[in-house]
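Keep in mind it's a predicted model, so treat the numbers as computed, not measured.
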Amino acid sequence: MAKSKVLVIGATGYIGRRLVQASLDQGHPTYVLQRPEIGLDIEKLQMLLSYKRRGAYLIEGSFSDPRSLIDAVRQVDVVICAMSGVHFRSHNILMQLKLVEAIKEAGNVKRFLPSEFGMDPALMGHALEPGRVTFDEKMEVRKAIEEAKIPFTYISANCFAGYFVGNLSQLARLTPPKDTVYLYGDGNVKAVFLDEDDIATYTIKTIDDPRTLNKTVYLRPPENILSQRQLVEMWEKLSGRTLEKRSISAEDFLASMKGLDYAQQVGVGHFYHIFYEGCLTNFEIGEDGEEASQLYPEVQYTRMDEYLKIYA
């Protein structure tokens, strides 16, 4: 069976660049949307050209030109969107509504994977303001996809290791603390952490798999279901250094939101749901979902003790 042709949108971004590489690695004819909006951003252009050298095809198209989007998606079987949905970078979730219209008009796409890759928005109807906007907008995109009867797969990839592991899940830093680590509550609530390359590998695995059609795929590799305290212990073992541990109560953590800017408030809300509520692990996967490591046991995913070694 021939591999599906894949179009990646948002291919110069944090997850998008990994999706391009995973698609090429798994033998898919891989297409990348080249948007004129990159202008004079030489780094993005060089990244796009590097994909071309590896065998990807560049397709020009713009969200301000619906016909160009339709023409782009007509060339492929699968569309994956990885446009940013985080507020401290750029936030473009609702731009995908134009993409949904283009896919609907084209009529040939066998699978659409919208930009999700975090918590399952369908389970976050109770989320705190202002962070709930992320989930509300993703649900708006889902509604448009399903009303248009576009075949889909939603990817719930939980915590990106680059943002949650190297820093031992500390806000406002990306590297391990030197002396003191702040624990959310007792630090024992379980979350799920993934190397971003593994997220891309699992995502591409789903696109030709009938088991994942019109379902949410949760990335929950069992050895990466860990508490914050377990992450800290891994780091202490690797570094040979014992950190002072200070616990932050849920009340104090939420109170810290006062005076922060909008993007920081969004981050605090999301951290609250992950590390106090346990929103990534406090539910069972139902019949409308699948778990990636069970579907694809051949994937040798990165364990977090191994991931942390680069910081030592």
- [ ] On the 0 to 90° scale, with breaks at 30° and 60°, tag the Phe152-Tyr154 ring pair as parallel, tilted or perpendicular.
- [x] parallel
Open item on the list: As a test of understanding, state which of Leu194, Asp195, Val299, Asp198 forms a side-chain contact (heavy atoms from CB on, under 4.5 Å) with Pro221.
Closed with: Leu194
Task: Check: Glu37 main-chain N/O paired with Arg35 side-chain donor or acceptor under 3.5 Å - done: no
Task: Thr12 and Arg17 side chains, donor-acceptor separation under 3.5 Å - done: no
Task: Distance-only donor-acceptor check, side chains Ser68 and Glu60, under 3.5 Å - done: no
Task: Aromatic Tyr14 / basic Arg18 pairing, under 6.0 angstrom, 45° off normal - done: yes
Open item on the list: Please tell me whether Thr206 and Thr212 have a donor and an acceptor in their side chains that are separated by less than 3.5 angstrom.
Closed with: no
Task: Tyr296 and Asp209 side chains, donor-acceptor separation under 3.5 Å - done: yes
Task: Cation-pi check, Arg220 onto Phe283 ring (under 6.0 Å, within 45° of axis) - done: yes
Task: ILVMFWY cluster, Ile9 and Leu94 together (side-chain gap under 4.5 Å) - done: yes
Task: same_hphob_cluster(Val189, Val192) at 4.5 Å side-chain heavy-atom cutoff - done: no
Task: Check: Tyr184 ring centre within less than 6.0 Å of Phe253 ring centre - done: yes
TODO: Output, in order, the C-alpha distance, side-chain angles, deciding distance and verdict of ring pair (Phe, Tyr, Trp, His ring centres under 6.0 Å) for Phe193 and Tyr301.
DONE: CA-CA 11 Å; Phe193 306 93; Tyr301 64 87; over 10 Å; no
Open item on the list: Between His270 and Phe135 (judged by ring centroids, cut-off 6.0 Å), do the two rings come close enough to count as a pair?
Closed with: yes
Open item on the list: Using the rule that Ile, Leu, Val, Met, Phe, Trp and Tyr join whenever any side-chain heavy atoms are under 4.5 Å apart, tell me whether Leu128 and Met139 fall into a single cluster.
Closed with: no
Open item on the list: Ignoring hydrogens and geometry beyond distance, is a side-chain donor-acceptor pair present between Ser293 and Glu291 at under 3.5 Å?
Closed with: yes
Open item on the list: Tell me whether Arg54 is salt-bridged to Asp25, with the criterion being a basic N under 4.0 Å from an acidic carboxylate O.
Closed with: no
